[in-house]
Amino acid sequence: MRRFYGALDSAAVLTMTRVPQTGTDGITVVNQIAQDKAHHTVNFWSPRKANYPREHRVVEAVLGVARHSFTTVQQQEYFERLEQYFDFGLPCRVTSTDPYEVRIYGNLSSNEEAVLTRFVQALPSDVPILVDMTNFEGMGTMFYPLFRSLLTRNHRVMWLPSVEAAKQLEEIGVAKSHLATSGEEARKALQHW
């Protein structure tokens with residue numbers, strides 16, 4: 001909570017004014033702030049970190065405490081979808097190293113090509129990997145060669161896909177025997193490799 005309030009104080013939320021911006025794809029953030037006897041409401045639209053750092057800090061603080069407080073799979077997947085409207089970086093992360101597990105969620109877009117390439121190339125070639133894509137929405141075919149290169153250097157990758165991910169993984173060339181329908185099934189497969 002100290003970090004949460006620290007981020008909000010540094011953003012001076014009680015003096016923020018409405019940022020006039022709109023776009024074709026985004027989300028309106030409505031903030032109602034009460035501190036002691038002061039009350040303030042401010043709205044902004046999908047702030048980008050570079051252009052609207054104060055507004056983005058508010059989003060980071062709120063989502064940070066929400067992620068910490070609401071921990072069910074359904075709630076965490078909701079936060080992952082919300083992140084896509086802001087600058088939270090590549091929607092991929094290593095969630096465990098023993099066993100080695102990776103989570104890829106949301107959409108992968110062309111503006112993330114360099115960082116995604118580094119992420120995938122850094123995945124190990126010598127240990128089994130579980131790639132959880134249960135909250136994945138899609139990627140351009142431009143990334144197919146990158147994932148094929150992972151398959152070439154590591155034949156022990158088990159995928160836990162969403163419906164959309166399963167379609168794209170099939171197009172990439174992932175064998176059906178490497179697609180799991182549950183985390184338990186995927187982890188059992190990893191133990192036998």
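Any value given below was found using the heavy atoms of this structure, including those in side chains, with hydrogens, waters and symmetry copies removed.
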Using the salt bridge (charged side-chain N to carboxylate O under 4.0 Å, His left out) rule, collect all pairs that involve residues 153-165, keeping only residues at least two apart or in two chains.
none
Is it true that atom CD of Glu170 has more than 12 heavy atoms of other residues, nucleotides or ligands lying nearer than 6.0 Å?
no
Tell me the closest heavy-atom pair linking Ile104 and Leu108, and the distance in Å.
CG2-CD1, 4.1 Å
Can you find a heavy atom in the side chain of Leu123 that is under 4.5 Å from one in the side chain of Tyr100?
yes
Heavy-atom pair of closest approach, residues Leu190 and Pro99
CD1-CB, 4.4 Å
Take atom CZ of Phe119 as the centre, draw a 6.0 Å sphere, and report whether it contains more than 12 heavy atoms from other residues, nucleotides or ligands.
yes
Do Val157 and Trp193 belong to the same hydrophobic cluster, where Ile, Leu, Val, Met, Phe, Trp and Tyr are linked whenever their side-chain heavy atoms lie under 4.5 Å apart, directly or via other members?
no
Side-chain heavy atoms of Gln84 within contact of Asp25, under 4.5 Å:
no
Going by distance alone, is a donor N or O of one side chain under 3.5 Å from an acceptor N or O of the other, for Ser110 and Glu113?
no
Identify the heavy atoms of Asn107 and Pro91 that sit nearest to each other, and give their distance.
O-CG, 3.6 Å
Do Val102 and Met133 make a side-chain contact, defined as non-hydrogen atoms from C-beta onward lying under 4.5 Å apart?
no
If we only count heavy atoms from C-beta on, is the Trp159 to Phe147 side-chain gap below 4.5 Å?
yes
Are Leu151 and Leu116 grouped together when hydrophobic residues (ILVMFWY) are joined by side-chain heavy atoms under 4.5 angstrom apart?
yes
Polar side-chain atom of Ser69 near backbone of Ala66 as donor-acceptor pair, under 3.5 Å:
no
Flag yes if Val127 and Met158 sit in one hydrophobic cluster, no otherwise; membership is Ile, Leu, Val, Met, Phe, Trp, Tyr, and two members link when side-chain heavy atoms are under 4.5 Å apart.
no
Between the side chains of Arg103 and Thr134, does any donor sit under 3.5 Å from an acceptor?
yes
Carboxylate-amine/guanidinium contact Arg93 Glu80, below 4.0 Å:
yes
Is there a donor-acceptor contact under 3.5 Å from the side chain of Gln76 to the main chain of Thr72?
no
Side chains of Leu82 and Ile27, heavy atoms from C-beta outward: is any pair under 4.5 Å?
yes
Return the minimal non-hydrogen interatomic distance between Gly26 and Ser46, and the atom names on each side.
CA-OG, 3.1 Å
Side-chain contact, heavy-atom cut-off 4.5 Å: Phe70 with Phe79?
yes
Closest non-hydrogen contact found for Gln75 with Thr71 is OE1-N, 3.1 Å
Heavy atoms, side chains only, cut-off 4.5 Å: are Val29 and Tyr85 in contact?
no
Side chains of Asn154 and Ile129 in contact at under 4.5 Å (non-hydrogen atoms):
yes
Mind checking whether Val131 and Phe136 sit in one hydrophobic cluster, side chains of I, L, V, M, F, W, Y counted as touching below 4.5 Å?
yes
Under 4.5 Å between side-chain heavy atoms, chaining through other members, with only Ile, Leu, Val, Met, Phe, Trp and Tyr counted: pull out the rest of the cluster around Val73, sorted by chain and number.
none
Assess whether a salt bridge exists between Arg67 and Glu83, defined as any Lys/Arg side-chain N lying under 4.0 Å from an Asp/Glu carboxylate O.
yes
Looking only at side chains, do Tyr105 and Glu77 share a donor and an acceptor under 3.5 Å apart?
no
Partner residues of Lys167 under the salt bridge (charged side-chain N to carboxylate O under 4.0 Å, His left out) criterion, sequence neighbours left out
none
Between Phe88 and His56, is the gap from one ring center to the other below 6.0 Å?
yes
Approximate separation, where rounding is to 0.5 Å, of Arg57 CZ and Arg54 CZ
8.0 Å
Only one of Val42, Thr41, Val58 passes side chain to side chain contact (heavy atoms under 4.5 Å, CB included) with Ile33; say which it is.
Val42
Between Pro47 and Val59, which heavy-atom pair has the shortest distance, and what is it?
CG-CG2, 4.2 Å
